[in-house]
Amino acid sequence: MIEAIRNQARLLLENGDVDVVIGYAEGSDPSRTTPIFIRKAEDVEKLIYDPRCINSLPLYLNKRHEYTRKGWKKTAIIGKGCDIRAIVQLIAENQLKRDEIYILGVPCEGVVSHPEKWDGSLHDGNRASKCIGCDVMTPHETDFFPGDKPDVDRSTPYEATSKNVATLMELELDKRFAFWRTDFDRCFKCYACREVCPHCSCNTCITDETTPSWIDPAAHKKGVFSWHLTRAMHLVGRCTGCGECTRACPMGIQVDLFNQRMKEVVQESYSYKPGYSLEDKHPLITYKVDDREDFIK
Amino acid sequence: MGKKIEIHDFEPKIMAFVCKWCTYSGADLAGTSRMDYSPNVRMIRLPCSGRIDPQFMIKAFEQGADGVFISGCHPGDCHYNEGNYYARRRNTTFRQLMDFHGIDIERIEFSWISAAEAIKWTEVIDAFTEKVRELGRHPQYDDEVVDPYAQFLVQNKQESA
Ligand code: SF4
Ligand code: SF4
Ligand code: SF4
């Protein structure tokens with residue numbers, strides 16, 4: 001499979017169809033892979049793809065990384081299904097044009113939840129939770145796909161919400177509040193969860209604003225709560241569930257629980273699934289006259 | 001004649017974010033008509049209910065508000081035609097977020113109040129103040145929490161990435 005991808009990448013670079021191919025290469029130790037930017041056709045042999053390829057590459061297509069892309073007219077990118085969801089969402093949000101991107105889709109069997117868990121094979125003990133029930137193992141939007149693309153039914157909603165969301169929803173309100181306060185106590189506001197998110201594309205994040213300072217910059221509980229609530233609200237209907245924020249958090253906080261819950265909410269309320277359609281409008285920038293308003297007095 | 005002044009043990013702080021075209025004028029009408037309404041409400045005037053960023057409400061809770069009140073023109077009456085429709089959608093999701101976070105969504109009230117509905121304004125505000133008074137002080141983020149169950153959950157989270 002990877003041979004076909006390498007050949008296609010070589011062809012694209014040799015013909016000058018793309019300026020760069022973004023993919024994965026062997027990392028610093030055998031359990032890790034690293035993102036790689038390939039600009040010369042002879043380097044395509046470095047490309048690999050296997051369950052260790054966990055990074056979400058669309059991060060580099062985000063406007064915040066424009067300086068990296070300076071002068072590149074067309075970028076080819078290797079995408080597993082969930083990454084392609086992120087690309088589609090970026091295009092739908094006008095962060096990116098479809099014709100600037102050449103998507104090399106890979107069939108994906110799932111990835112490991114963390115490099116440390118890699119023991120030579122992928123099994124239930126080390127599979128990332130987002131991969132359970134994944135409906136884009138055969139990607140939905142590609143320019144190149146090795147072999148034939150089987151027909152996949154994507155009409156039913158994809159449910160990769162971790163069990164923790166359901167567990168938390170069953171708790172009483174004050175227990176839930178206590179849970180977050182205990183959990184967020186450890187957050188020291190490194191903002192790794194923001195830096196790694198393909199959809200946090202603001203040039204100046206609201207938490208870096210100082211006039212006015214909307215979010216208390218200190219890493220005490222008030223500031224931490226404001227940060228997480230704001231972040232979750234900004235990603236409503238945009239988070240494509242790559243799980244990178246949780247993986248990046250050095251304190252082991254499950255940052256994406258909020259996002260997963262909000263994904264359920266937009267699906268229930270507005271039947272909207274981020275990352276599947278290039279045209280669908282984000283649910284919060286559109287409206288229907290007869291939207292639900294049972295909570296309004 | 002004013003209402004009899006009651007003394008309560010707890011006076012909730014309520015932030016109101018209101019649209020200047022309808023609710024603010026409605027409250028103004030209530031004032032100029034010398035109607036009584038709960039003094040617990042601190043009002044912030046905004047150009048439209050569509051201008052009420054969830055950030056304002058988060059900030060209000062962060063700074064120790066016990067309840068947040070949001071109000072704008074009735075559907076179809078928006079000065080900018082559609083601002084209140086966006087506000088409605090935004091608040092649908094925001095309430096769910098607050099609920100998941102463990103904040104009682106009874107502490108967030110949304111109401112359509114037009115410039116003529118001074119009476120509705122006084123009624124809604126009084127009822128909301130009573131409700132929040134019963135709910136009590138909103139837990140502060142820097143309160144100590146010692147909840148063994150929460151700690152158990154944090155320590156035994158299932159692996160996810
Ligand atoms: S990555 Fe973790 S510690 Fe850093 S800001 Fe996000 S939640 Fe807090
Ligand atoms: S919020 Fe987290 S899971 Fe969602 S897209 Fe951003 S990094 Fe991925
Ligand atoms: S948290 Fe919000 S303001 Fe900050 S980068 Fe993400 S989307 Fe932008």
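Every chain is numbered from 1, with letters handed out A, B, ... down the list of sequences.
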| note | Assert top hit (heavy-atom pairs under 4.5 Å, partner chain B, pool A/Asp185, A/Val111, A/Asp294, A/Leu284) equals A/Leu284
| message | Measuring from atom CH2 of A/Trp214 to atom CD of B/Glu62, what distance do you get when rounded to the nearest 0.5 angstrom? | response | 10.5 Å
| task | With a 4.5 angstrom heavy-atom cut-off, could you sort out which part of A/Arg292 is near chain B: side chain, backbone, both or neither? | result | both
| message | Would you say CD of A/Glu109 has more than 12 non-hydrogen atoms from neighbouring residues, nucleotides or ligands within 6.0 angstrom? | response | no
| Is there side-chain contact between A/Lys297 and B/Phe110, with heavy atoms separated by less than 4.5 Å? | no
| field | Atom of A/Ile296, atom of B/Ser111 and distance for their closest heavy-atom approach | value | CG2-CA, 4.0 Å
| query | Is any side-chain N of the basic residue among A/Glu293 and B/Arg88 closer than 4.0 Å to the acidic one's carboxylate O? | reply | yes
| request: Decide yes or no on side chain to side chain contact (heavy atoms under 4.5 Å, CB included) for A/Glu264 and B/Gln96, but give the supporting numbers first. | output: CA-CA 10 Å; A/Glu264 289 177 357; B/Gln96 300 286 336; over 6 Å; no
| task | Kindly check if the number of other-residue, nucleotide or ligand heavy atoms within 6.0 Å of CG (A/Asp124) is above 12? | result | no
| request: May I ask you to test the A/Met233-B/Gln55 pair for a side-chain heavy-atom distance under 4.5 Å? | output: no
| Leading residue by heavy atom contact count with chain B [cutoff under 4.5 Å; candidates A/Val255, A/Val236, A/Leu229] | A/Leu229
| query | For chain A, which of B/Phe56, B/Tyr86, B/Phe128, B/Phe94 has the most heavy-atom pairs under 4.5 Å? | reply | B/Tyr86
| message | To the nearest 0.5 Å, what is the distance between CZ on B/Arg89 and CD1 on A/Ile285? | response | 10.5 Å
| message | I need the residue from A/Glu172, A/Lys288, A/His234, A/His220 with the largest number of non-hydrogen atom pairs under 4.5 Å to chain B. | response | A/Lys288
| Could you state the interatomic distance from NE2 (B/His101) to CZ (A/Arg261), rounded to the nearest 0.5 Å? | 14.5 Å
| field | Atom pair OG1/CG of B/Thr92 and A/Asp291 - distance to nearest 0.5 Å | value | 7.0 Å
| query | Can you say whether A/Val266 sits under 4.5 Å from chain B via the side chain, the backbone, both, or neither, judging by heavy atoms? | reply | side chain
Donor-acceptor contacts under 3.5 Å from residues 187-198 of chain A side chains, at least two apart:
unit_1   : atom_1 : unit_2   : atom_2 : d
A/Lys189 : NZ     : A/Asp216 : O      : 2.6
A/Lys189 : NZ     : A/Gly223 : O      : 3.2
A/Tyr191 : OH     : A/Thr207 : OG1    : 2.8
A/Arg194 : NH1    : A/Asp208 : OD2    : 3.1
A/Glu195 : OE1    : A/Arg64  : NH1    : 2.9

| request: State whether the number of non-hydrogen atoms from other residues, nucleotides or ligands found under 6.0 Å of B/Lys131 atom NZ is greater than 12. | output: yes
| request: Tell me, out of B/Ile108, B/Thr93, B/Val124, B/Ile105, who's got the most heavy-atom pairs with chain A below 4.5 Å. | output: B/Thr93
| Region of B/Ile103 in contact with chain A, defined by heavy-atom distances below 4.5 Å | both
| Point-to-point distance, once rounded to the nearest 0.5 Å, from CZ of B/Phe100 to CZ of A/Phe177 | 14.0 Å
| message | Under 4.5 Å from any heavy atom of chain B, what part of A/Phe184 do you find: side chain, backbone, both or neither? | response | neither
| Interface moiety of A/Ser226 toward chain B, non-hydrogen atoms closer than 4.5 Å | both
| message | With rounding to the nearest 0.5 angstrom, report the CG to CD1 distance, B/Asp53 to A/Ile206. | response | 6.5 Å
| said: More than 12 heavy atoms of other residues, nucleotides or ligands under 6.0 Å from CG of B/Leu29: yes or no? | reply: yes
| query | Side chain, backbone, both or neither: which part of A/Asn126 has a non-hydrogen atom closer than 4.5 Å to chain B? | reply | neither
| How far apart are the closest heavy atoms of A/Leu173 and B/Asp104, and which atoms are they? | CD2-CA, 3.3 Å
| Residue list, salt bridge (Lys or Arg N to Asp or Glu O under 4.0 Å) with B/Asp9, at least two apart or on another chain | none
| task | Could you look at A/Met262 and say if it's the side chain, the backbone, both or neither that has a heavy atom under 4.5 Å from chain B? | result | side chain
| remark: Closest non-hydrogen contact found for A/Arg176 with B/Asp99 is NH2-O, 2.8 Å
| task | Assess whether atom CZ of B/Arg51 is packed by more than 12 heavy atoms of other residues, nucleotides or ligands within 6.0 Å. | result | no
